[in-house]
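In what follows, a single structure is set out as structure tokens and then discussed.
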Amino acid sequence: MARYGMVIDLGRCTGCQACSVACKTENNIPIVGPEESAKGRDINWIELATETEGEYPETREKFIPMFCMHCDDPPCVKVCPVHATYMGPEGIVGQNYDRCIGCRFCVAACPYTVKSFNWREYTEPGEMGRHANPDVSIRPVGVVEKCTFCVHREQGARETAALEGREMADGDYVPACVESCPAEAMIFGDLDDKGSKVAKAADSPHAFRMLEELGTEPKVHYLMERD
Amino acid sequence: MSAADPDAALFAPIENPRPGFYAIVGLLMAGTAFGVYCWSRQLRMGLGETGLAMPVSWGFYVTNFVFFIGISHAGTLISAILRISQAEWRRPITRLAEFITVAVLAVGGLQIIVDMGRPDRLLNVIWYGRYQSPLLWDATSITAYLTASSIYLYVPMIPDIAMLRDRGTSPKFFYEVLAMGWRGTARQKRILSRAISILAVMVIPIAVSVHTVVAFVFSMTLQPGWHSTVFGPYFVVGAIFSGIAALLLAMIAFRWAYGLHAYLKEVHFNYLGILLLIMSLLWFYFTFVEYLTTYYGGEPDELAVFFQKWTGPYAVYFWAMGVCNFLIPVLILSFRRSIPAVGIASVFVLIGMWLERFVIIVPTLSRPRLPELATGHYLPSWLEWGELFGSFCMFALIYVLFTRLFPIVSIWEIREGREEGLHDVESRLKSYLPDYAESGATGDRS
């Protein structure tokens, strides 16, 4: 069984946010509109955190794409009263939109603040029409959502591999953000497969994880080779 | 027993309600209806109608939940402790206190449903409930408490209900069924007193568990400002504190409304005032311990939340909490415990304890560990104010309707106090003193 994870090379990230846009399109993420956005109700599965280093004019921007860390010991899964947020067999932390009761306990418990809530009915049924990705369900009002590592792509890749009568190979399944990254800063794959690119990158002494000290065991790693 | 009945004042609200009663019920129903309107609007439009957003996704409703459940500790817990410790002055106030518990628990539980994004899926908690989630612990503990305190309210009420049955008070059938064939025989009395003792002992651990697991909702997470071992007892202390304040206000209101001056005397307010003072000091102690530990440790994320409260955007709430919960009640109650003084202190304590819940919940969410991603402040919308107002009205409405159906002071316990309590106390006192032989038997006046 694979254990999917990601490495993001911050030295390569240009902060272009192609990943964020690709994610939004791929996963039918609603546009909440200016009024709701001003209140802080945007739904973005990928947020780009920026950090400015140094003093003007000698400044340098650091970009850190942030999304669900798919923790191996996820605080959100622990607190969910109905098993709506759960850990899949391949380590992907999922969200069951049909079961979620909207209590937002997982939102409050996530130390990474990467979960979003549908404060209103942002997508009228049928509004997205043929623009919507048919592989991803549209979320109703009152439920929590977040990055799923494009788990629908995993299902597609597994079926393709089965049809072709072979095992899944490294690179068969990648989320939309990884596919779209022009700087090739994002590497995705099976962390348990020692030969995979992602496992090698995660093994680097320059790799780190967010809030590692909390013991949540995130599966998203960051690489900071320069500095 | 009609004109000469010394306890006529206790039957009056049930048998001859005054026009004022209906006026109050009408007003409270209107207030409750407004709260329901606010909720129905939210049901139609989504939680977007509130002031909630990211990262402060819990606000008024969760604060109200913790606050109302806290008040419920007034009743059953205080009444049980006073019964077990055989405090004779308890007799006129236990029923008042137990009413509060049952009424406010119902209102508190509703807050969670109002807070849910999908209240239509409430039953998922039963179909798919996961016991690892502290919310399930809450659901279990609050249900157990509601059940236990309803029984604990009902059982000691049976002799009073039988009195109403014998007087032919309508609805007759209602009192006939609820009296459960009480005749006041010696055997029945023995069973009743035994049942009350068992219930009083059982209900205390349940009550303590309730606010402990309410605290666990916060302290079981890793969030700065929440992840603290002191939270369980801290919440329980705050709960009893606010519960006593609510009880005192109820006593003042019904003393005035139903003319219970003969039953609720200055001495009751004085004693409960002392209890309120002790709880205020205890509350301050817990608050001091909690915040000093955070500040001294100086862990950056903890400190960031600390300064949100100390000097930041939530400083007004934080310092108002300190003034309402500690400064004012301690100043008043140390020097004066007259009825108005105790009443004023209680109002401040209720406001302060609501603020305390708010100050625990909101600042932690507003300043997460990774502030680069989301920071933001929370201001409730009019709808959330309306829901809070409606919830208070609903609580008062349930309470007032209770008093229309059942005596607000336990009549048989007052009579028992007159008939047996005096001898009991005398013989008990003698057994404490060195000059008398151990008697043990109650009523033995030798």
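Lettering follows sequence order; numbering is per chain, from 1.
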Item to check | Greatest number of heavy atom pairs closer than 4.5 Å to chain B - which of Leu214(A), Val77(A), Ile101(A) | outcome: Ile101(A)
Next on the checklist: Please identify, among Pro75(A), Ala49(A), Cys110(A), Cys80(A), the residue contributing the most non-hydrogen atom pairs under 4.5 Å to chain B.
Outcome noted: Cys80(A)
Checklist entry - Who among Pro140(A), Ala109(A), Ala84(A) has the most heavy-atom pairs with chain B under 4.5 Å? => result Ala109(A)
Item to check | Part of Val144(A) lying under 4.5 Å from any heavy atom of chain B | outcome: neither
Item to check | Best-contacting candidate, Val114(A), Val143(A), Val141(A), against chain B by heavy atom pairs under 4.5 angstrom | outcome: Val141(A)
Checklist entry - Which value, rounded to the nearest 0.5 Å, describes the distance between Leu370(B) atom CG and Met210(A) atom CE? => result 6.5 Å
Checklist entry - Given that the side chain runs from C-beta out, which part of Leu211(A) has a heavy atom under 4.5 Å from chain B: side chain, backbone, both or neither? => result side chain
Checklist outcome for this item: Looking only at Val125(B), Val217(B), Ile112(B), Ile361(B), the option with the highest number of non-hydrogen pairs under 4.5 Å against chain A is Val217(B)
With 3.5 angstrom as the limit, list the donor-acceptor pairs from chain B to chain A, or say none if there aren't any.
| residue | atom | partner | partner atom | Å |
| --- | --- | --- | --- | --- |
| Leu47(B) | N | Trp119(A) | O | 3.2 |
| Gly48(B) | N | Trp119(A) | O | 2.7 |
| Gly48(B) | O | Arg41(A) | NH1 | 2.9 |
| Gly48(B) | O | Arg41(A) | NH2 | 3.2 |
| Gly48(B) | O | Arg120(A) | NH2 | 3.0 |
| Glu49(B) | OE2 | Arg120(A) | NH1 | 3.0 |
| Glu49(B) | OE2 | Arg120(A) | NH2 | 3.3 |
| Thr50(B) | O | Arg41(A) | NH2 | 2.7 |
| Leu52(B) | O | Arg41(A) | NE | 2.8 |
| Leu52(B) | O | Arg41(A) | NH2 | 2.7 |
| Met54(B) | N | Gly40(A) | O | 3.2 |
| Ser57(B) | O | Arg104(A) | NE | 2.7 |
| Ser57(B) | O | Arg104(A) | NH2 | 2.9 |
| Trp58(B) | NE1 | Cys103(A) | O | 2.9 |
| Asp115(B) | O | Arg104(A) | NH1 | 2.9 |
| Asp115(B) | OD1 | Arg104(A) | NH2 | 2.7 |
| Asp115(B) | OD2 | Arg104(A) | NH2 | 3.4 |
| Gly117(B) | N | Ile101(A) | O | 3.4 |
| Gly117(B) | N | Gly102(A) | O | 2.9 |
| Arg118(B) | N | Ile101(A) | O | 3.0 |
| Arg118(B) | NH1 | Val141(A) | O | 2.9 |
| Arg121(B) | NH1 | Tyr97(A) | O | 2.7 |
| Arg121(B) | NH1 | Asp98(A) | O | 3.4 |
| Arg121(B) | NH1 | Cys100(A) | O | 2.7 |
| Arg121(B) | NH2 | Tyr97(A) | O | 3.4 |
| Asn124(B) | ND2 | Arg99(A) | O | 2.8 |
| Arg130(B) | N | Pro81(A) | O | 2.9 |
| Arg130(B) | NH1 | Val77(A) | O | 2.8 |
| Arg130(B) | NH1 | Lys78(A) | O | 3.2 |
| Arg130(B) | NH1 | Cys80(A) | O | 2.7 |
| Arg130(B) | NH2 | Val77(A) | O | 3.4 |
| Ser133(B) | OG | Val79(A) | O | 2.5 |
| Gln223(B) | NE2 | Ala108(A) | O | 2.6 |
| Gln223(B) | NE2 | Cys110(A) | O | 3.2 |

Next on the checklist: For chain B, which candidate among Pro81(A), Gly40(A), Ala108(A) shows the most heavy-atom pairs at distances under 4.5 Å?
Outcome noted: Pro81(A)
Next on the checklist: With a 6.0 Å cut-off (strictly less than), is the heavy-atom count around CZ of Phe208(A), excluding the residue itself, greater than 12?
Outcome noted: yes
Next on the checklist: Taking side chain as everything from C-beta outward and backbone as N, CA, C, O, which of these in Leu365(B) sits under 4.5 Å from a heavy atom of chain A? Side chain, backbone, both or neither.
Outcome noted: side chain
Checklist entry - By ring-ring contact (aromatic ring centres under 6.0 Å, His included), which residues pair with Trp382(B), not counting sequence neighbours? => result none
Item to check | Taking every non-hydrogen atom, the tightest pair across Gly117(B) and Phe117(A) | outcome: CA-CZ, 3.8 Å
